[in-house]
Amino acid sequence: MARIAFVFTQGPHGSSAGREGLDAVLATSALSDEIALFFVSDGVLQLTQGQQPQQILARDYIATFGVLPLYDIDRCYLCAAALAERGMISDAVRVLAAEVLAPDALRAKLNDYDRVMTF
C-alpha cells in the first residue's frame, strides 16, 4: 500500500488550503494506514491553540486536527526552523501532538513516502 504524506504550507485562515488538506487526510485515512502530516513554513500555524476564526467570520476547522489520532493518524511533524522564524516555541501545547524536527531530518522523513500532497 502506498505511503502518503500531506504537507501543510499555508496559514490556517488566509485560504481554504488547510481545510481542504484536512478533508483530504480524513478521506485518505479510509484507504491507507500509512499517512503522515508535515507542517512547514506558515503551515506550522495550523496547529496553534486558541485560534478564534469566528472573529474574521471563518469556519473553525482547527479542532478537527485533534481527532486525527482516532483515525490512527499519529505521524505528525513540525519544522523547527519554521517555528523559530515565527517566534514560536517548539514545546508549546498544540491541538495535535507533533514531533518537531530540523529541516534536514524532516526532509529525510518525507523521502520515506511514496506520494506527497501539498496544501
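Every heavy atom of this structure was used, including side-chain atoms; hydrogens, water molecules and symmetry mates were not. No experiment lies behind these values; they were computed from the predicted model shown.
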For the residue pair [X] and [Y], what are the closest heavy atoms and their distance?
X	Y	value
Y61	P12	OH-O, 2.8 Å
L96	C76	CD2-SG, 3.4 Å
Q51	I62	OE1-CG1, 3.7 Å
S32	I4	CB-CD1, 4.2 Å

Review point. Heavy atoms, side chains only, cut-off 4.5 Å: are P103 and V40 in contact?
Key: no

Counterpart residues, side chain to side chain contact (heavy atoms under 4.5 Å, CB included), relative to [X] (two or more places apart):
X	result
A82	V44, C79, R86
R3	E34, D112, Y113, D114
A24	F6, F119

Exercise for review: Using side chain to side chain contact (heavy atoms under 4.5 Å, CB included) as the criterion, point out the one residue from V25, L47, D42 that pairs with F8.
Suggested key: V25

Under a single-linkage definition using a 4.5 Å side-chain heavy-atom cutoff for Ile, Leu, Val, Met, Phe, Trp and Tyr, are [X] and [Y] assigned to the same hydrophobic cluster?
X	Y	answer
L22	V67	yes
I73	L101	no
L78	V93	no
L26	F65	yes
Y77	Y71	no

Practice item. Give the intermediate values and the outcome of side-chain contact (heavy atoms from CB on, under 4.5 Å) for residues I35 and L68. Key: CA-CA 11 Å; I35 295 175; L68 292 180; over 6 Å; no

**Study point:** Intermediate values then yes/no, side-chain contact (heavy atoms from CB on, under 4.5 Å), M88 and L45
**Key:** CA-CA 9 Å; M88 301 172 75; L45 301 171; 3.6 Å; yes

Review point. For R75 and F38, what are the C-alpha separation, side-chain angles and deciding distance, and is it a side-chain contact (heavy atoms from CB on, under 4.5 Å)?
Key: CA-CA 9 Å; R75 291 177 211 92; F38 294 82; over 6 Å; no

**Study point:** Pairs meeting criterion side-chain hydrogen bond (donor to acceptor under 3.5 Å, both in side chains) with involvement of residues 14-23, two or more places apart
**Key:** Q10-S15, S16-E20

**Study point:** salt bridge (charged side-chain N to carboxylate O under 4.0 Å, His left out) partners for D72, two or more places apart
**Key:** none

Check your understanding: Who pairs with T118 by side chain to side chain donor-acceptor pair (under 3.5 Å), at least two apart in sequence or on another chain?
Key -> none

Review point. Backbone N or O of L83 within a donor-acceptor pair of the S90 side chain at under 3.5 Å?
Key: no

